[in-house]
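Nothing fancy with the numbering, it's 1 onward along the sequence.
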Amino acid sequence: MLHLVINSLDELSEASKQLKDTFANATFFAFYGEMGAGKTTFIKEFCKTLGLNESVSSPTYSIVNQYDLANGKKIFHFDFYRIKNINEAFDMGAEEYFYSKNYCLVEWPEKIAELLPDNLVKVTISAMPNGQRVLEAINL
């Protein structure tokens, strides 16, 4: 389990390194948190930690963005906020992505809960009234 208090954007790099180091063998990360909690912002930094050298954008409208790492692995960044039902995730082939052994970083995983693999890292980001973010992660 990992519990971090993030005081500013300057601490995101170190927080993402701690997440990667704590769950070094994990490839599937499900990010939970309210709108505006900082999921996408954290994922952008986490992608850098994984070795991505290009700009990361939110897949809000495309549902999934794919990035290629120098080591041949891929990062699939999902945002399921806008799907209306689970059939949309089935239709896009979400399961193929999820079981590809590539990195899957999923925002709004609660919308597709029954599709999630058993072995994942649940990451919860909470925004505090003072501007801090609390990140909690556990391997399920």
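Note on Phe23 and Leu116: separate hydrophobic clusters, where clusters join Ile, Leu, Val, Met, Phe, Trp and Tyr whose side-chain heavy atoms are under 4.5 Å apart, directly or indirectly. Side-chain heavy atoms closer than 4.5 Å link hydrophobic residues (I, L, V, M, F, W, Y) into clusters, and following such links, possibly through other members, connects Leu50 to Phe42. Side-chain heavy atoms closer than 4.5 Å link hydrophobic residues (I, L, V, M, F, W, Y) into clusters, and following such links, possibly through other members, connects Leu4 to Leu19. In the hydrophobic cluster analysis, where Ile, Leu, Val, Met, Phe, Trp and Tyr join through side-chain heavy atoms closer than 4.5 angstrom, Phe98 is grouped apart from Ile43. Tyr32 and Val121 fall into different hydrophobic clusters, where Ile, Leu, Val, Met, Phe, Trp and Tyr side chains are chained together by heavy-atom contacts under 4.5 Å.
At least one side-chain heavy atom of Met35 sits under 4.5 Å from a side-chain heavy atom of Trp108. Using a 4.5 Å heavy-atom cutoff, the side chains of Asn65 and Val56 are not in contact. The shortest side-chain heavy-atom distance between Met92 and Ile63 falls under the 4.5 Å cut-off. Under the 4.5 Å side-chain criterion, counting only non-hydrogen atoms from C-beta, Ser58 is in contact with Asp79. You'll find the side chain of Tyr67 reaches within 4.5 Å of the side chain of His77, heavy atoms only. At least one side-chain heavy atom of Val106 sits under 4.5 Å from a side-chain heavy atom of Phe28. You'll find the side chain of Ile86 reaches within 4.5 Å of the side chain of Leu115, heavy atoms only. Side-chain contact check for Leu2 versus Leu135: some heavy-atom pair is nearer than 4.5 Å.
The OG1 atom of Thr124 lies 10.5 Å from the CD atom of Glu34; values are rounded to the nearest 0.5 Å. The line from CG of Asn87 to CD1 of Ile112 is 12.5 Å long, rounded to the nearest 0.5 Å. If you take NZ on Lys20 and CG on Asn25, they are separated by 10.5 Å, rounding to the nearest 0.5 Å. The OG1 atom of Thr22 sits 10.5 Å away from atom CG of Asn139, with the distance rounded to the nearest 0.5 Å. Rounding to the nearest 0.5 angstrom, the gap separating the CD1 atom in Ile6 from the CD atom in Gln18 is 9.0 Å. With rounding to the nearest 0.5 angstrom, the CD atom of Glu14 is 8.0 Å from the CG atom of Asp21.
Within a 6.0 Å sphere centred on CD of Glu110, other residues, nucleotides and ligands contribute more than 12 heavy atoms. Counting non-hydrogen atoms of other residues, nucleotides and ligands closer than 6.0 Å to CG of Asn85 gives a total above 12. A 6.0 Å sphere centred on OH of Tyr81 holds no more than 12 heavy atoms belonging to other residues, nucleotides or ligands. Counting non-hydrogen atoms of neighbouring residues, nucleotides and ligands closer than 6.0 angstrom, the CD atom of Glu54 exceeds 12 such neighbours. Within 6.0 Å of CG in Leu9 there are 12 or fewer heavy atoms belonging to other residues, nucleotides or ligands. For Asn130, the CG atom sits in a packed shell: over 12 heavy atoms of surrounding residues, nucleotides or ligands are nearer than 6.0 Å.
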Q.
Could you go through Phe29 and Leu120, starting from their C-alpha distance and side-chain angles, then the distance that decides it, and tell me whether this counts as side-chain contact (heavy atoms from CB on, under 4.5 Å)?
A. CA-CA 6 Å; Phe29 295 82; Leu120 62 85; over 6 Å; no
(Q) Walk me through whether Ile75 and Gln66 qualify under side-chain contact (heavy atoms from CB on, under 4.5 Å). (A) CA-CA 6 Å; Ile75 298 173; Gln66 175 182 320; over 6 Å; no
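In terms of modelled atom types and a separation under 3.5 Å, the side chain of Asp68 and the main chain of Lys73 share no donor-acceptor contact. Not one N or O on the side chain of Lys122 forms a donor-acceptor pair closer than 3.5 Å with the backbone of Glu136. Between the Arg133 side chain and the Asn7 main chain, no donor and acceptor come within less than 3.5 Å of each other. Put simply, the side chain of Lys39 never gets that close to the backbone of Phe31: no donor and acceptor are under 3.5 Å apart. Put simply, the side chain of Ser100 gets close to the backbone of Tyr97: a donor and an acceptor are under 3.5 Å apart. Here the side chain of Ser16 pairs a donor or acceptor atom with the backbone of Ser13 at under 3.5 angstrom.
Of all the heavy atoms in Ala37 and Ala127, the pair that sits closest is CA-CB, 4.3 Å. Minimum heavy-atom separation, Gly38 to Ile125: O-CD1, 4.1 Å. When every heavy atom of Leu69 is checked against every heavy atom of Gly51, the shortest pair comes out as CD2-C, 3.7 Å.
Of the charged side-chain nitrogens involved, at least one lies within less than 4.0 Å of a carboxylate oxygen, so that Glu45 and Lys48 count as a salt-bridged pair.
Between Phe76 and Tyr103, a ring centre-to-centre spacing not shorter than 6.0 Å is recorded.
Ring geometry for Phe80 versus Phe78: interplanar angle under 30°, hence parallel rather than tilted (30 to 60°).
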